[in-house]
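First the structure, in the form of structure tokens, and then the observations on it.
Read the numbers this way: they start at 1 and go in the same order the structure lists the ligands and their atoms.
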Amino acid sequence: MNCPHAEAAGRTGALPEPLAVDPLVRDLAGETARLAGGPPLARLELLGVPAWTITRQAEARRLLTDDRLVKDIEAWRLWQSGEVTAEWPLIGMVNPGRSMFTVDGAEHRRLRTKTAQAITPRRLEALRPTVERIVAELLDDVERAAAEAADGVVDLKAVFARPLPMRVVCTLMGVDEAEIPRQTRLWEAFFSMLTPHEERMATLEELRGIFTEMVREKTANPQDDLTSALILADEGGEPLTEEEVVGNLQSMIGAGHETTIQLVLATVRHLLGHPDQLRLVLDEKVPWATAIEEALRYDPPNSHLLMRFATEDIEVGDQIIPKGDGVVMSYRAIGRDPEPYDSDPDAFDITRPTPIRHISFGHGPHICPGAALSRLEAAVALPALFARFPGLELAVPDEDIRNLPVLTQNELEALPVLTDG
Ligand code: HEM
């Protein structure tokens, strides 16, 4: 594959060697350290495919509102030339089907507006008692699991953090509770780099089939849920098509659960790793919201968000992203950008003097429409967890906590804890 970066780098000055991102995510900290605090534009290699990545907050904000950078895969030179094909294992992350996630401009506004508008503060407040009920049920499960485990160790991910967002987003969208185990299994297979390519694409098809059937049922028999609201909504007399509602439903569930699992786990992990800071939160000297925002900055759920494409040459610092090239947002490196902070960006610090200004929910037209929902889930789950288990502690040294083999997401394999340490 010809590397377009060589030419661009030659024109504008040398860049460090591309970082070949490890699909098995064995050293996320090391990879972040290589990208963070360096030039705003760096080079990645994604399973043999070159891409640029943005590692600084100011440049990310600028580019995420630059309409010369688009989601439309047809703008990708390597796709047009056939150098990247549907066989590339990451293609499902870049091109998971038409939805608000993959389109631009007016088409994006049309697909997104109804969904984003439907997640109103009123709808979220109405969901709060459901979130509280689910959290309380899951805490009972944690208690049971701890009592049953010979060594008292519970995987907080499996028993608490993983089921919570899936149950909440399924309630919001009106997916049957009985469907949740199948949804969980399919999405895990979709994201894992261990899933063979054909199986991943088949998983996406199966999900689309399930959602199409669901949209048909709700069209015939609308309920009080967001999917029905999308079916019934008419954007200036032009309702969303069945395929569009399916795409949005798929994006909401796909984007809405893995990410929130990590938000809950990261906050627990880093507070347990910093007992002095946990004390400040439990004594109400620092709000939970601050701890949640610091976890979002320090250890965000998306490590590398794939992908946008340059429709013209775009300058970034003293470099140029050539027209047709792919661009990734490396949110973990962006969170460690020293520029917006007075204090060490590599420290988890809920007491930092500068306000926490992260962009872990994105920025610009594609900014996450589910941010308030995931913040609500974390804000309910975390105080309830620590109230039920005041002696909670990590059951393994922090360095033994591993990531799942998911190249794009920062997701833990497990978070082993002792509930009455
Ligand atoms: C978009 C992060 C939770 C639904 C995004 C984007 C980011 C993000 C960075 C921007 C993608 C881009 O620029 O291409 C997160 C994080 C979450 C979270 C860190 C939790 C901590 C949720 C939840 C939902 C959701 C709970 C749904 C209930 C979406 C959707 C998009 C999106 C549908 C696509 C929006 C668009 O392209 O216009 N999210 N998200 N996310 N998120 Fe989230």
Side-chain angles (χ1 to χ4, degrees), residues 54 57 60-61 63-66 69-73 93-105 107-119 123-124 127 131 161 164-175 187 225-227 230 244-267 292-309 326-332 334-335 358-379 381-382 408-411:
I54 308 301
Q57 200 181 116
R61 284 180 189 272
L63 290 172
L64 288 168
T65 48
D66 185 331
L69 211 51
V70 299
K71 292 275 193 134
D72 181 3
I73 193 169
M93 313 288 174
V94 178
N95 195 23
R98 184 169 168 269
S99 76
M100 67 175 119
F101 188 75
T102 51
V103 298
D104 305 287
E107 192 186 3
H108 174 249
R109 278 192 294 281
R110 174 169 179 279
L111 289 191
R112 176 180 163 114
T113 305
K114 283 295 158 195
T115 309
Q117 282 179 352
I119 311 177
R123 193 181 282 271
L124 286 183
L127 206 58
V131 178
L164 171 67
M166 184 56 101
R167 283 177 66 179
V168 172
V169 76
C170 284
T171 308
L172 176 74
M173 302 309 293
V175 178
W187 283 108
D225 56 50
L226 208 143
T227 306
L230 288 180
E244 289 169 346
V245 178
V246 167
N248 279 1
L249 177 56
Q250 183 179 311
S251 305
M252 290 289 285
I253 297 184
H257 74 284
E258 302 278 340
T259 46
T260 310
I261 297 173
Q262 170 59 16
L263 172 56
V264 171
L265 291 181
T267 317
I292 292 168
E293 295 310 307
E294 177 65 351
L296 279 163
R297 176 198 73 80
Y298 178 76
D299 200 8
N302 295 294
S303 8
H304 304 287
L305 203 126
L306 275 42
M307 203 190 259
R308 285 171 166 79
F309 311 101
V327 182
V328 169
M329 292 291 149
S330 289
Y331 282 112
R332 204 160 187 279
I334 292 170
H358 64 75
I359 57 162
S360 298
F361 286 114
H363 182 69
H366 288 271
I367 193 170
C368 180
L373 177 60
S374 53
R375 284 181 167 126
L376 168 70
E377 289 177 54
L382 293 160
T408 51
Q409 309 286 118
N410 167 23
E411 191 180 341

| Contact partition for Ile119 relative to ligand 1, non-hydrogen atoms under 4.0 Å | neither
| Considering only the protein, which heavy-atom contact is closest to atom 34 (C) of ligand 1, and what is its distance? | Phe101 CD1, 3.9 Å
| query | Taking the side chain as C-beta and beyond, is there a heavy-atom pair between Glu258 and Pro301 under 4.5 Å? | reply | no
| message | For a 4.5 angstrom cut-off between non-hydrogen side-chain atoms, does Thr102 reach Pro96? | response | yes
| query | How many angstroms lie between NE2 in His257 and CD in Glu377, if you round to the nearest 0.5 Å? | reply | 11.5 Å
| request: Verify the distance criterion only: is there a donor paired with an acceptor across the side chains of Asn410 and Asp299 at less than 3.5 Å? | output: yes
| query | In terms of atom number and element, which parts of ligand 1 are under 4.0 angstrom from non-hydrogen atoms of Lys71? | reply | 12 (C), 14 (O)
| query | Which ligand 1 atoms, with their elements, are less than 4.0 angstrom from a heavy-atom of Arg112? | reply | 35 (C), 36 (C), 38 (O)
| task | Determine whether Thr259 and Gln409 make a side-chain contact, defined as any pair of heavy atoms from C-beta on separated by less than 4.5 Å. | result | yes
| message | Show the atoms of ligand 1 that are less than 4.0 angstrom away from any heavy atom in Arg308. | response | 12 (C), 13 (O), 14 (O)
| task | Name the option, out of Leu373, Val168, Thr259, that contains the heavy atom nearest to atom 3 (C) of ligand 1. | result | Thr259
| field | Leu306 vs Met329 side-chain heavy atoms within contact, under 4.5 Å | value | no
| field | Identity and separation of the nearest protein heavy atom to atom 23 (C) of ligand 1 | value | Gly256 CA, 3.3 Å
| Enumerated ligand 1 atoms positioned under 4.0 Å from heavy atoms of Gly362 | 9 (C)
| Can you tell which part of Asn248 has a heavy atom less than 4.0 Å from ligand 1: side chain, backbone, both or neither? | neither
| remark: At under 4.0 Å between heavy atoms, what of Cys368 touches ligand 1? The answer is both
| remark: atom 36 (C) of ligand 1: of Glu258, His366, Met252, the nearest heavy atom sits on His366
| field | Pair Thr408-His304, side-chain donor/acceptor within less than 3.5 Å | value | no
| Which of the atoms of ligand 1 are close to Ala255, meaning less than 4.0 Å from one of its heavy atoms? | 3 (C), 4 (C), 22 (C), 25 (C), 29 (C), 30 (C), 41 (N), 42 (N)
| His108, any N or O under 3.5 Å of ligand 1 N or O | yes
| task | Give the numbers and elements of all ligand 1 atoms closer than 4.0 Å to a heavy atom of Val169. | result | 28 (C)
| task | Report yes or no: is the cationic atom of Lys71 (NZ for Lys, CZ for Arg) closer than 6.0 Å to the six-membered ring centre of Phe309, at no more than 45° off its axis? | result | no
| request: Considering heavy atoms of the protein only, find what lies nearest to atom 15 (C) of ligand 1 and give residue, atom and distance to 0.1 Å. | output: Phe361 CD2, 3.6 Å
| said: Side chains of Arg308 and Leu305, heavy atoms from C-beta outward: is any pair under 4.5 Å? | reply: yes
| task | Report the distance from atom CG of Asn302 to atom CD of Glu411, rounding to the nearest 0.5 Å. | result | 11.0 Å
| request: Check ligand 1 against Pro369 and write out every atom of the ligand that is under 4.0 Å from a heavy-atom position of the residue. | output: 29 (C), 30 (C), 31 (C), 32 (C), 33 (C), 35 (C), 42 (N)
| task | May I ask you to say whether Arg110 pairs ionically with Glu107, meaning some side-chain N is under 4.0 Å from a carboxylate O? | result | no
| query | Looking only at protein heavy atoms, which one is nearest to atom 2 (C) of ligand 1, and how far off is it? | reply | Asn302 ND2, 3.2 Å
| query | So is Thr260 polar-close to ligand 1, meaning N/O to N/O under 3.5 Å? | reply | no
| field | Short side-chain donor-acceptor distance under 3.5 Å, Ser99 and Asn248 | value | no
| query | What do you reckon, does Ser360 put a non-hydrogen atom under 4.0 Å from ligand 1? | reply | yes
| request: Nearest 0.5 Å please: distance from the CG atom of Leu249 over to the SG atom of Cys170. | output: 8.5 Å
| task | Give the contacting part of His257 toward ligand 1: side chain, backbone, both or neither, where contact means a heavy-atom distance below 4.0 Å. | result | neither
| query | Can you list the atoms of ligand 1 that are under 4.0 Å from a heavy atom of Leu263? | reply | 21 (C)
